[in-house]
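Written out below as structure tokens is the structure these notes cover.
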Protein chains: 2
Amino acid sequence: MNIGDAAAASGLSAKMVRYYEAIGLVAPALRTEAGYRVYGSDDIHTLRFIKRARSLGFSMEKTGELLQLWRDRDRSSADVKAVALEHVAELERKIAELRGMADTLQHLASHCHGDHRPGCPILRDLSANAAPPAPVTAPRRRRT
Amino acid sequence: MNIGDAAAASGLSAKMVRYYEAIGLVAPALRTEAGYRVYGSDDIHTLRFIKRARSLGFSMEKTGELLQLWRDRDRSSADVKAVALEHVAELERKIAELRGMADTLQHLASHCHGDHRPGCPILRDLSANAAPPAPVTAPRRRRT
DNA sequence: CTGCACCTTCCCATCGTGGTAAGGTCAACA
DNA sequence: TGTTGACCTTACCACGATGGGAAGGTGCAG
């Protein structure tokens, strides 16, 4: 199998497969005499694993950790669970952040007439609710 | 006000302020004879506007649109609302995506013993639930 | 006048992916 | 057999938004 087939079989692009090799996420593929990368079913399996991990939002680094655990027959499921739950916590953190943004904006928009008139609570918020004048933690020497 | 003070007053970094000028998000700042950028209260106001828009998750591009609407006294609130709601939709889309990831992982983790044993539904999912073998849309010429 | 906090521009790194260019390889078909 | 063109290779640049740092100039307190 050439890289194009391997990419298609794993749901990745050829670019990504080469990139994963370049950063050491996967071992360098075997080569034909002409220099073409050659992939076997094990390689495809690994690439699919990566694809799936990425689709669950794992970073390349975390994906690498999972790959190592996967390859380690003596792993503890506790280690895998820890990586997963850590990621879940990270996802929840991001979700909460986006949730806050969406709710705030939705609230502002619901109070906006949405007509030809220029008055708008959204712009009012943006122009007023900016960061507070920064409590001085490490005072500057000049311009005080 | 020099750039450091402007940055502190707006909650941005000096780097970001220069960057916003470089990409044309804000007009080039006035300069002293020595070449130092000088900021007035209007500039600070604008920078805070940007800071707030960014904190609500608007991209630089969308932030620019909002800035233009803000400066346009004849704007329609409908235009502002449209930009805001479009962004809300984008946020909701991302939230749903992350929600799906988190729920899937949480579910898998809840079925993981989390002990010293190697068996783990999380790794099982990753190694099995990969992308399906890609329905052929544009068949390759070779290797058929 | 010295020291140093601040300013300037310029370049590089991040992260993961896509694009493109310049060139080599391989199989199908006339 | 030769042509075609889909495929492969490496190498470079781009994105978005930010941080880091180098090399050098400015300005004020002491």
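Here is the naming used below: chain letters follow the sequence lines, and residue numbers restart at 1 for every chain.
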In whole angstrom, what separates [X]'s [atom1] from [N]'s [atom2]?
X	N	atom1	atom2	value
Ile3(A)	dT25(C)	CD1	P	17 Å
Asp5(A)	dC7(D)	CG	P	9 Å
Lys51(B)	dT18(D)	NZ	C1'	12 Å
Met1(B)	dC6(C)	CE	P	14 Å

Residue-phosphate contact under 4.0 Å: [X] side-chain N/O, [N] OP1/OP2:
X	N	answer
Arg31(B)	dG25(D)	no
Arg18(B)	dC10(C)	no
Ser13(B)	dG19(D)	yes
Tyr20(A)	dT17(C)	yes
Arg37(B)	dC7(C)	no

Open item on the list: Is it the case that dT18(D) (base atoms only) and Tyr19(B) (side chain only) share a donor and an acceptor within less than 3.5 Å, ignoring hydrogens and angles?
Closed with: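 Checked by distance alone, the answer is no.
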Open item on the list: So for Lys15(B) and dG20(D), does any side-chain atom that can act as donor or acceptor lie under 3.5 Å from a complementary atom in the base?
Closed with: yes
Task: Residue whose nearest DNA chain D nucleotide is more 5′ - Glu61(B) or Glu33(B) - done: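 This one resolves to Glu61(B).
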Task: Distance-only donor-acceptor check, side chains Ser77(B) and Asp115(A), under 3.5 Å - done: yes
Task: 5' priority, DNA chain C, between Ala34(B) and Arg54(A) [closest heavy atom] - done: Ala34(B)
Task: SB check Glu21(A) Arg18(A) (cutoff 4.0 Å) - done: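 Salt bridge absent between Glu21(A) and Arg18(A).
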Open item on the list: Closer than 4.0 angstrom, basic N to acidic O: yes or no for Lys94(B) and Glu97(A)?
Closed with: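 Here Lys94(B) does not pair with Glu97(A) in a salt bridge, since their nearest N and O are not under 4.0 Å apart.
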Open item on the list: Less than 4.5 Å apart, side chain to side chain, heavy atoms only: is that true for Glu92(B) and Val88(B)?
Closed with: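 Yes; the side chains approach each other to less than 4.5 Å.
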